[in-house]
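Okay, structure first, notes after.
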There are 2 protein chains.
Amino acid sequence: MEHGVALASVEGLEGLTLGRLATDLGMSKAGVLGHFGTKEALQLATLETGAAAFRRLVWEPARDAEPGLPRLRAICEAWITYMETARDTFPGGCLFTTASVEFDARDGALRDAVARLSGLWRRRLALEARAAVAAGDLPDDTDPEQIAYELVGLYMALNQEIQLFGAPDAGDRTRRALDRLLGPRPSD
Amino acid sequence: MEHGVALASVEGLEGLTLGRLATDLGMSKAGVLGHFGTKEALQLATLETGAAAFRRLVWEPARDAEPGLPRLRAICEAWITYMETARDTFPGGCLFTTASVEFDARDGALRDAVARLSGLWRRRLALEARAAVAAGDLPDDTDPEQIAYELVGLYMALNQEIQLFGAPDAGDRTRRALDRLLGPRPSD
DNA sequence: CCTACCGATCGGTAGG
DNA sequence: CCTACCGATCGGTAGG
């Protein structure tokens with residue numbers, strides 16, 4: 001599964017072929033297929049394995065931070081670290097950005113799964129933003145959904161900046177945008 | 001070429017196969033291939049055709065606006081319209097967002113072409129932002145590259161909002177983010 | 001988990 | 001532009 005996630009992050013979930021995966025793992029195609037039944041089931045399992053890694057790398061490190069703005073900032077910082085350093089797990093960059101544009105114009109279980117995960121994470125970001133408003137750490141007229149929407153865009157830009165342009169200052173660019181979106185960090 | 005652009009926006013530039021394109025056009029595979037020589041040449045030509053449509057739909061409508069903030073705002077508004085209404089040209093959404101994540105982890109002419117186009121457009125956005133600062137329409141300490149970076153993220157989020165989530169209020173969400181990034185529009 | 005195989009499709013070529 | 005064909009690879013099955 002780990003190798004499947006790595007392959008899919010580079011080639012996409014459609015480019016994750018049974019033959020390629022089997023060769024890389026030193027197995028037969030039928031052997032790989034036996035574990036999943038169909039290619040679509042393999043793709044779904046790969047997406048779920050990637051999602052578990054994302055949760056571990058981005059959500060979990062922020063779990064102990066105080067709900068609201070502190071936790072939102074912790075999530076955003078872990079998210080930058082994920083983009084910059086998860087090269088062994090996701091050598092081709094964020095699997096969910098790739099999967100989103102790969103399936104956003106099709107029907108089926110893959111599209112539904114990608115939309116479900118992306119929607120879930122968007123709502124979780126909005127939840128923290130809402131708590132931040134309630135605590136008085138963000139202005140009263142802040143729209144939590146708007147914050148979540150802009151954050152997602154910021155991290156898709158970060159993924160492009162790292163993968164397509166190989167920009168070394170990508171993380172700092174994102175932090176500057178976060179300062180503008182969430183207010184400057186306390187340490188500034 | 002038009003049909004190739006439409007196909008690639010849905011299936012990706014790798015999913016644009018000679019056989020599929022030939023069938024759709026009522027031609028033979030060899031007939032299609034004869035025009036381009038290789039699949040890669042077809043993909044590059046498709047990308048360039050899409051780029052011409054992007055220039056026509058997004059850059060040209062803003063050409064007569066005053067350089068600086070007025071033109072930047074005109075570009076941003078045309079860009080929203082492009083995302084919302086270019087369904088006949090790009091039924092699968094923005095071809096350049098798709099191509100960027102499709103090739104950002106590979107080597108080759110396609111990756112180079114996508115990076116060249118994206119870089120060109122980023123620089124053009126930064127150019128207008130710089131003019132806006134010089135004219136006093138944006139704060140003196142504004143980083144034009146930062147504005148361009150955040151704009152790109154905003155439009156990748158808009159593409160996802162339309163294609164993956166089918167959100168009808170996606171354009172207005174983007175306009176709200178633009179107000180925060182560039183200041184409220186004069187009409188407000 | 002394997003070998004052996006299936007029909008379909010891939011990019012591309014030969015020859016006209 | 002076509003027909004006819006190439007070897008490689010696709011997802012998947014049969015049978016063990």
Side-chain angles (χ1 to χ4, degrees), chain A residues 1-50 91-92 95 98-114, chain B residues 1-50 91-92 95 98-114:
Chain A
M1 286 312 323
E2 280 168 32
H3 190 70
V5 169
L7 248 180
S9 93
V10 174
E11 309 283 350
L13 280 164
E14 213 61 62
L16 174 69
T17 68
L18 295 163
R20 174 76 190 277
L21 188 58
T23 303
D24 290 0
L25 298 175
M27 292 171 61
S28 67
K29 279 190 349 182
V32 173
L33 195 58
H35 287 294
F36 303 100
T38 64
K39 178 178 181 178
E40 190 178 61
L42 164 66
Q43 292 172 309
L44 289 167
T46 303
L47 194 67
E48 282 306 325
T49 303
L95 178 63
T98 303
S100 175
V101 303
E102 196 175 3
F103 294 102
D104 66 5
R106 308 184 196 179
D107 286 329
L110 264 298
R111 181 218 165 86
D112 295 348
V114 172
Chain B
M1 286 313 321
E2 281 168 30
H3 191 70
V5 170
L7 249 179
S9 93
V10 174
E11 310 283 350
L13 280 164
E14 214 59 64
L16 174 68
T17 69
L18 295 163
R20 173 76 190 278
L21 187 58
T23 303
D24 289 1
L25 298 175
M27 291 172 61
S28 68
K29 277 189 352 180
V32 173
L33 195 58
H35 287 293
F36 303 100
T38 64
K39 178 177 181 177
E40 192 179 59
L42 164 66
Q43 292 173 308
L44 288 167
T46 302
L47 194 66
E48 282 306 325
T49 304
L95 177 63
T98 303
S100 175
V101 303
E102 196 174 2
F103 294 102
D104 66 7
R106 309 183 196 181
D107 287 328
L110 264 297
R111 181 218 166 86
D112 295 347
V114 172

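Lettering follows sequence order; numbering is per chain, from 1.
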task = Scan L18(A), L16(A), D24(A) and name whichever one has a side-chain contact (heavy atoms from CB on, under 4.5 Å) with R20(A).
result = D24(A)
task = Could you give me the CA-CA distance, side-chain angles and deciding distance for K39(A) and E14(A), then say whether side chain to side chain contact (heavy atoms under 4.5 Å, CB included) is met?
result = CA-CA 9 Å; K39(A) 178 178 181 178; E14(A) 213 61 62; 3.8 Å; yes
inquiry  = Counting only heavy atoms from other residues, nucleotides and ligands, does the tally under 6.0 Å from CD of E2(A) exceed 12?
reply    = no
request  = Give, for atom CG of L42(B) and atom CG of L13(B), the distance between the pair rounded to the nearest 0.5 Å.
outcome  = 8.5 Å
Intra- and inter-strand pairs of DNA chain C in dot-bracket (Watson-Crick or G-U wobble, both distances under 3.5 Å; | for another strand) = ||||||||||||||||
ask   = Taking all atoms of both residues into account, what is the closest heavy-atom pair of A8(A) and T46(A), and its distance?
value = CB-CG2, 4.0 Å
key: Contacts of R111(B) that satisfy side-chain hydrogen bond (donor to acceptor under 3.5 Å, both in side chains) - sequence neighbours left out   = none
inquiry  = Across nucleotides 4-16 of chain C, 5' to 3', mark each nucleotide with B, S or - according to how protein heavy atoms within less than 4.0 Å reach it.
reply    = ------BBBB---
task = Determine, step by step, whether L33(A) and K29(A) satisfy the side chain to side chain contact (heavy atoms under 4.5 Å, CB included) criterion, reporting the C-alpha distance in whole Å, the side-chain angles of both residues, the deciding distance to 0.1 Å, and the verdict.
result = CA-CA 6 Å; L33(A) 195 58; K29(A) 279 190 349 182; over 6 Å; no
